[in-house]
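First the structure, in the form of structure tokens, and then the observations on it.
Letters go in sequence order (proteins before strands), and every chain restarts at 1.
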Amino acid sequence: MSMRFSIPRTWRERRPHYLLEASKCKNCGKIHYPPRIKCDKCGSRDLERIRLSGEGKVVTYTVQYVVLDGFRDYAPIVYAIVELKEGIKVLATLTDVKPEDVKIGLKVKAVLRKVSEDGKLGLIRYAIKFKPIEAGS
Amino acid sequence: MRKVYVVGIGLTKIGRFFDKGLRELFAEAAIKALDDIGGEKVQALVVGNMMSSSLGEQNNLGAILADYAGLGGIPAFKVEAACGSGGVAVYTGYSLVASGLFDIVMVGGVEKQTEYPTRIVSKGLAQASDAEYELFYGISFTGLNALVMRKYMETYGISRDEMSVWPVLMHKNASKNPYAQLPFEVTIEQVSNSMLIADPIRLLDSSPIGDGAAALVLASEKYARKLSDTPVEIAGVGLATDHIYIAYRDDLLKLKATINASKVAYRMAKVEPSQIDVVEEHDAFTVLGYMNLEDLGFSERGKTPKEIAEGRFHPGDKPTVNPSGGLKARGHPVGATGVYQVAEVAMQLRGDYPGVKVNGEIGLAQSIGGLGTTVSVTILRR
Amino acid sequence: MKPVNDVGIAGWGVYIPKYRIKCSEIEAMWGFQPGYCRNLNVYEKAVAGVDEDTITIGYEAAKNALRRAKITPSEVGAIYVGTESKPYAVKPSITVVGEALGITPETLGADLEFACRAASEAIEASIGLIASDMIKYSLVIGADTAQASPGDVLEFTASSGGAAYVLAKRGNNTVAYFEGSFSYITDTPDFWRRPRSPYPYHGEQFTGDPAYFHHIISAVKGLMEFLGLRVSDFDYAVFHQPNGRFPLKVASKLGFPKDKVLPGLITPYIGNTYNGSALIGLAAVLEQAKPGQRILLVPFGSGSGSDAYSIIVGDGIEERVDLAPKVKDFLENKEYISYSLYAKFRGLIEKFEM
């Protein structure tokens, strides 16, 4: 079997992917996702790591039918840019929702789900996806 | 800085060439360009290419292509900015001559996208996005652009059929272009009903996958008249970058990199948008076709679809936009496209463009890498 | 068994995927006689979506439990997952769930296996850790995406879902406590899966009397004798529920009236969630129980073993019920799928991808 997912990379990036871990500038307050080491607003390097709320609404979305290698099981895939409570936007897959039920403004919340697998023998990638806020969730 | 001129041009047709690899395709374009300057030697080679490594297992591309084009041993290297590699190659070639380091430089662009099935090529193309936070989720480059298309349509109230005006115009222009990959007309109905790729982007909203190579020879003023009867000056260049993670940007409906790069180029060339006669802009998808004109200062935000439907930017108008058929119909051999665009504008200005002709003095070419992540703008003057 | 210091439940949560496949759909697919499932008293079962697995199910159940416990994840000292459908045969599920919840790294825990009662063993271990003051809070998750060979009768019931419990010393934020427990295990091969097999084997009738009934009855009798309790002392009886019939049958054998079992009998609507089975039933009961009531909880795992717990409900439980989605909410939030979609979700279709 040839490995496609990098082990160190999967491990290194797990917190932003599992927890929506972002960086926040202690100097000017700007929040960066993905997290940074230097604030792009004020240039400060005094940053701390915070966890985003995971609650937000859909700003725009697409339903992807032509999928990349390895994603056939998940097709069609709904991708969205979600604006979180904190005002920061993230891009992620929407799950547990039918394409025809997605609309701009849909309220969603973050959940941990499988994103893809490196075949049957390799690593599994987990990350935050978003699902509609409704009863039973 | 010294003045720089386009003195030689060589292009291949764009299409699926299973019988030609990177070396053969590039050599074809390069040899044409060298013929165009009467067989003179060039002193250096800059090549724009996106996927020789991810799809072709080939690095050190500059050296190989120089060798195969009969330019073995000269300074040669590749520059990469995803689908905007071609524009960056022109920018780099320009700087090599303007700085005085060289007098005669070849700028090339070449891409092979037909070596693998679509699902694998798509993965290569998706590397133009954020590998860890966008491609990670399996979003294709088309999916990423679809997010912008939906926002554009929703924000400005543009219907599906109104969006379809762009591909119709592109195909009409390309039908006269002997280099085009898709030289046939299409109707609004065909565009609006074509197969969905990533809703709302349909097949006929998207530039095709194809192979192609383009080469330019740039020369300093001293050599320009010796090598060409119709040298075209590169009057202004600009290049800018933006956050690759599109969700981090403030406004999804403008490409800041285009705005910033074009500002620099306009200032350097000492021209305003209203003076531009011909434009070759980077319409990888329908929505970009419209947005680019807004970012480059030719039309108001959200109004472009209606203006084009009313006849603006068509052949005969000032500026005429994408007389080649644009990325949509002329084709988009990604890393090479930026070089094609500058070649096409130069041919328009020197009077030997073989497709839809534009009579003009000043032209502009815009090349985008990723979704507005790296943008280069080149302004040429007769 | 009874610890030196009483240990109780500070929070509970469940997660049941929204997709359901009707038993009748499976009957029709494999040519069973219509109404076969009536024998099992199961109508439909929950199916994990294509991007769900034991880790993602455990994560959501745990989030709900932490909400009800009203503690921050970093206060959790141990995290366990009891499951027989681990995403990795070797690589713990608790570390992914633990990181995703913000619990790691200063914690202990592991993935446990004992068929459907692994989570129960985790509860016993947690009781020991907490009563001895080694840790303050333990998070125990029982979750599965149970495997069954297509066409096997097991396919009618093997389903996906999970429950999670935050345990703490009685009085420290708890709303119920364990009065005592009794465990009974023997080497009884009623159900197993070898490493290279994608699906388990089961002994059909053998899974009944020598396994399920013998161990549950032995554990319950042992508990009642140890605590000096009778059937009438219990207000609810929640048994491991591999189908909708066995719990009613064992209740009848033990002398428990049906109405004490039904509130915690969830399998008819979601199938057998294996490590989630008895624990989801317990959650349903906690969501209606009143302070002072006594609950009998009896998980069972093939191989075989059973534990019987006596749980006393305490003050303050009613305020916690609505802090997170209830079992009822998950039962109502459902979407039916066809066998073909079920086959895709469960990876039953072999694809050849180069």
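Heavy atoms closer than 4.5 Å to chain B are found in the backbone of A:Ala80, but not in its side chain. Both the backbone and the side chain of B:Glu132 come within less than 4.5 Å of a heavy atom of chain A. Only the side chain of A:Val115 comes within contact range of chain B, judged by heavy atoms closer than 4.5 Å. Neither the backbone nor the side chain of B:Asn145 comes within contact range of chain A; no heavy atoms are under 4.5 Å apart. A:Val82 does not touch chain B: none of its heavy atoms, backbone or side chain, sits under 4.5 Å away. Within the 4.5 angstrom heavy-atom criterion, no atom of A:Tyr74 approaches chain B. In this structure, chain A has a heavy atom under 4.5 Å from the side chain of B:Leu252, while its backbone stays farther away. Only the side chain of A:Ile104 comes within contact range of chain B, with at least one heavy atom under 4.5 Å from a heavy atom of that chain.
Other residues, nucleotides and ligands contribute more than 12 heavy atoms inside 6.0 Å of the CD atom of A:Glu100. The 12-atom threshold is not exceeded at CG of B:Asp250, counting heavy atoms of other residues, nucleotides or ligands nearer than 6.0 Å. Within a 6.0 Å radius of CD in A:Glu48, more than 12 heavy atoms belonging to other residues, nucleotides or ligands are found. The 12-atom threshold is not exceeded at NZ of B:Lys303, counting heavy atoms of other residues, nucleotides or ligands nearer than 6.0 Å. The environment of CG in B:Asn193 is crowded: more than 12 heavy-atom neighbours from other residues, nucleotides or ligands sit within 6.0 Å. Enclosure of atom CZ in A:Arg51 by more than 12 non-hydrogen atoms of other residues, nucleotides or ligands within 6.0 angstrom is indicated.
Chain A forms the most heavy-atom pairs under 4.5 Å with one residue out of B:Ser122, B:Gly143, B:Ala198, and that residue is B:Ala198. The choice from B:Ala247, B:Ala126, B:Ala146, B:Pro117 that makes the most heavy-atom pairs within less than 4.5 Å of chain A is B:Ala247. Counting heavy-atom pairs closer than 4.5 Å to chain B, the top residue among A:His32, A:Arg72, A:Lys89 is A:Lys89.
Checked by atom type, the side-chain pair B:Glu134/A:Tyr79 shows no donor-acceptor distance below 3.5 Å.
Rounding to the nearest 0.5 Å gives a distance of 5.0 Å between CZ of A:Arg4 and NZ of B:Lys123. Separation of atoms CZ (A:Phe71) and CD1 (B:Ile139) is listed at 10.5 Å; rounding is to 0.5 Å. Here A:Gln64 contributes atom CD and B:Ile197 contributes atom CD1; the two are 9.5 Å apart, rounded to the nearest 0.5 Å. One finds the NZ atom of B:Lys151 at 9.0 Å from the CD1 atom of A:Ile81 (value rounded to the nearest 0.5 Å). The structure places OH of B:Tyr137 at 8.5 Å from NZ of A:Lys129, a figure rounded to the nearest 0.5 Å. Atom-to-atom distance recorded for B:Leu253:CG and A:Thr60:OG1 is 8.5 Å, nearest 0.5 angstrom.
Remark: the backbone N or O of B:Met195 is not paired with any side-chain donor or acceptor of A:Tyr65 at under 3.5 angstrom.
Taking every heavy atom of both residues into account, B:Asp130 and A:Pro34 meet most closely at OD2-CG, 4.3 Å. Here the shortest heavy-atom pairing between B:Tyr248 and A:Ile31 reads CE1-O, 4.0 Å. Contact between A:Thr62 and B:Leu147 at its shortest, heavy atoms only, is N-CD2, 3.7 Å.
Using bins of under 30°, 30° to 60° and over 60° for the plane-to-plane angle, the ring pair B:Phe136/A:His17 lands in the parallel bin.
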Tell me, with the steps shown, if A:Val90 and B:Tyr245 meet side-chain contact (heavy atoms from CB on, under 4.5 Å).
CA-CA 9 Å; A:Val90 302; B:Tyr245 187 66; 3.6 Å; yes
